[in-house]
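Worksheet for the structure shown next.
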2 protein chains.
Amino acid sequence: MAEDAPRRRPTLDEVAGLAGVSRSVASRALNNAPHVSRAKREAVERAVRQLGYVPNPTARALATRQTGAAALVVSGEDPSIFADPFFAQVIVGASAALEEADLHLMLCLAASDRGRKRVEELLRSGGADGVMLMALREDDPLGRAVEEAAMPVVFGGRPVGPAPRWYVDVDNAGGAREATEYLLSLGRTRVAALCGRLDTEAGRARYRGYRDAVLAAGLDPFPPGEGDFTEGGGAAATAALLADHPDVDGVFAANDNMGVGALRTLRETGRRVPDDVAVVGFDDLAVAQVSDPPLTTVHQPIQALGREMARMLAALVDGQDPTPLILPTRLVFRASA
Amino acid sequence: MAEDAPRRRPTLDEVAGLAGVSRSVASRALNNAPHVSRAKREAVERAVRQLGYVPNPTARALATRQTGAAALVVSGEDPSIFADPFFAQVIVGASAALEEADLHLMLCLAASDRGRKRVEELLRSGGADGVMLMALREDDPLGRAVEEAAMPVVFGGRPVGPAPRWYVDVDNAGGAREATEYLLSLGRTRVAALCGRLDTEAGRARYRGYRDAVLAAGLDPFPPGEGDFTEGGGAAATAALLADHPDVDGVFAANDNMGVGALRTLRETGRRVPDDVAVVGFDDLAVAQVSDPPLTTVHQPIQALGREMARMLAALVDGQDPTPLILPTRLVFRASA
DNA sequence: CTCGGAAATGGGAGCGCTCCCAAATGGAAG
DNA sequence: CTTCCATTTGGGAGCGCTCCCATTTCCGAG
């Protein structure tokens, strides 16, 4: 509150004026481009300090046609999908990588119609230099908008259907296979799968991995059932499963939430885990550690997923042409199997 | 891939040309401002559709001096602070409110030095129309930068020290008092507090609430101890507490994480909860429901916190002068007390 | 002392939009 | 058929920065 003169923020012209150079030279000095004498460069630096000059990012964006921002859009019909700790991890990873590339992070939760409209507009208007797209479902209304985007798009997790040009994914099928093989290696012979949403590629791939492992062992896989990746869904599916097949001795759950749901139903129906039924989950979220018993699960490198998406996008913005990436998973052994 | 002509995105001039009007009229029509005849307005709309025109947000931002974005900055020396599900809830709330105000959300995790530098620059450069600031600690390096920000700043949770002009907070002291009073009403007479970080106002206010309640009951409050809001910290603090005061019969934990830590130590030292020691937490995060036993805790409206911060900021950007807001908490009864 | 080329410099034209303001248009009133 | 005012219209000047390019400056070589 010392001096509250309604002073505008200084412009590059004023810096140049004070430094006694032209705007061009000042600009070059600022972006430390070549063709600036040592003397003038220093004069500019001094003027910048004296005036407290900070370049106007908007003006720069207009001139360079680069906004300096990358958007992370999380699709879903319900904003609460974002409450999944999964996304927080993705963001931590992406944020770190974007920081390195000097890009800002815009977060778009495309839940409502209005939200989707805004994302579409962002995509078409060039309001960001690139987009990271997560949790796209089959027939997602954003799918079309993405195709005519005015900027590069990196997918987090392949969408259902033909693989996009750029994506980062986790080895869902491989992880599921490994989990199922482990269950089988324990001597379990009636291993069922609790499917996730089958309108996502992750849901499908995890079932495929399960099925492949069971077939490879010469056994009959359980048919896929529509799931929803929620704890309640896992509990219900397990109840239904037990009704039809009381002799199940192993369960591969498409994610930890469903795994925990299974644990609950199993407990409620008087079965011991892992003695009577062994359970393996997928994700390795915090919940897998605090469940009772702690859940053996397929760990996926979520921060790395975010990081690699951001790096890929930064490369794209930089004019390079990176190749898709599939991150490895690994089985984490705990008490449930 | 139908026609891959390197066509630029159309500009307003081209729209105007096609519609047979001047750029001014086209601009007015687009922003549906007055002084445009019905006929021309329609002509412009037609041209927009035909050309697939989308206004360039950067150019608009430069001309209006409004970026159309609000930043949410989460301070902290460690990016993993963001993994706390708390922030995801704040974001869900803020995102919804920003959507209504037609502002985009920029997320800044100011963890590294570089990250902080970027936030400072954002603040000073006017790269956003306003900022929501969370988790500011005492002596936070961002504190100073905030004061000379070129835009309105809304605090999420009061910082330590003099209250800022605009903030949204939760009634920390009130919630803590209520929790403690409840413990006292249960007939407990040796109720201790597990403090959170005392370099945050939330940590201090919660201790004050506890102390006030104990004093009001004519008892002696336990002295404050430095805590860290983590499960491990809660467990350790509880162990230390029990060593000094084996007869404690009630614990008010400054948040759920610490409450769960207390539960663990209590269990490990052979005490029954709530029979021997009653425990109350603060936050009402998911962990409070799945803990063993489920944690009685002070619920705080986190999404609302985010929503109100965003609304306050939108009002500020809109030139209004909103007043600070303190959101109520409420005690949620579960098995631990 | 002259010349040539490399380095440094600054003028100016954008980037695409908003908004002020003067000029043109269109009726209604006289 | 004027006169006048309320609208509508379009020209033009920015917003603050980058970048191309024509000039100027500087030096060492000849």
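Order of the sequence lines fixes the chain letters, A, B, ..., with proteins taken first and strands second; residue numbering starts at 1 for each chain.
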(message) Walk along nucleotides 4-11 of chain C from 5' to 3' and tag each nucleotide B, S or - by protein heavy-atom contact under 4.0 Å, base first, then sugar-phosphate.
(response) ---SSBBB
Could you tell me whether [X] and [Y] have a side-chain N and a carboxylate O separated by less than 4.0 Å?
| X | Y | value |
| --- | --- | --- |
| A:E77 | A:R137 | yes |
| B:R116 | B:E120 | no |
| A:E308 | A:R311 | yes |
| B:R144 | B:D139 | no |

Over how many whole Å does the gap from [X] atom [atom1] to [N] atom [atom2] extend?
| X | N | atom1 | atom2 | answer |
| --- | --- | --- | --- | --- |
| A:L62 | D:dC15 | CG | P | 14 Å |
| A:N56 | C:dC15 | CG | P | 18 Å |
| A:E14 | D:dG16 | CD | P | 9 Å |
| A:R9 | D:dG16 | CZ | P | 8 Å |
| B:L12 | C:dG16 | CG | C1' | 8 Å |
| B:L30 | C:dT18 | CG | P | 7 Å |
| B:R60 | C:dC15 | CZ | P | 18 Å |
| B:R65 | D:dC15 | CZ | C1' | 6 Å |

(message) I'd like to know whether CG of A:D113 has more than 12 heavy-atom contacts from other residues, nucleotides or ligands below 6.0 angstrom.
(response) no
(message) For a quick check under 3.5 Å, do A:T200 and A:E138 share a side-chain donor-acceptor pair by atom type?
(response) no
(message) It should be established whether B:N31 places a side-chain nitrogen or oxygen under 4.0 Å from OP1 or OP2 of nucleotide C:dT18.
(response) yes
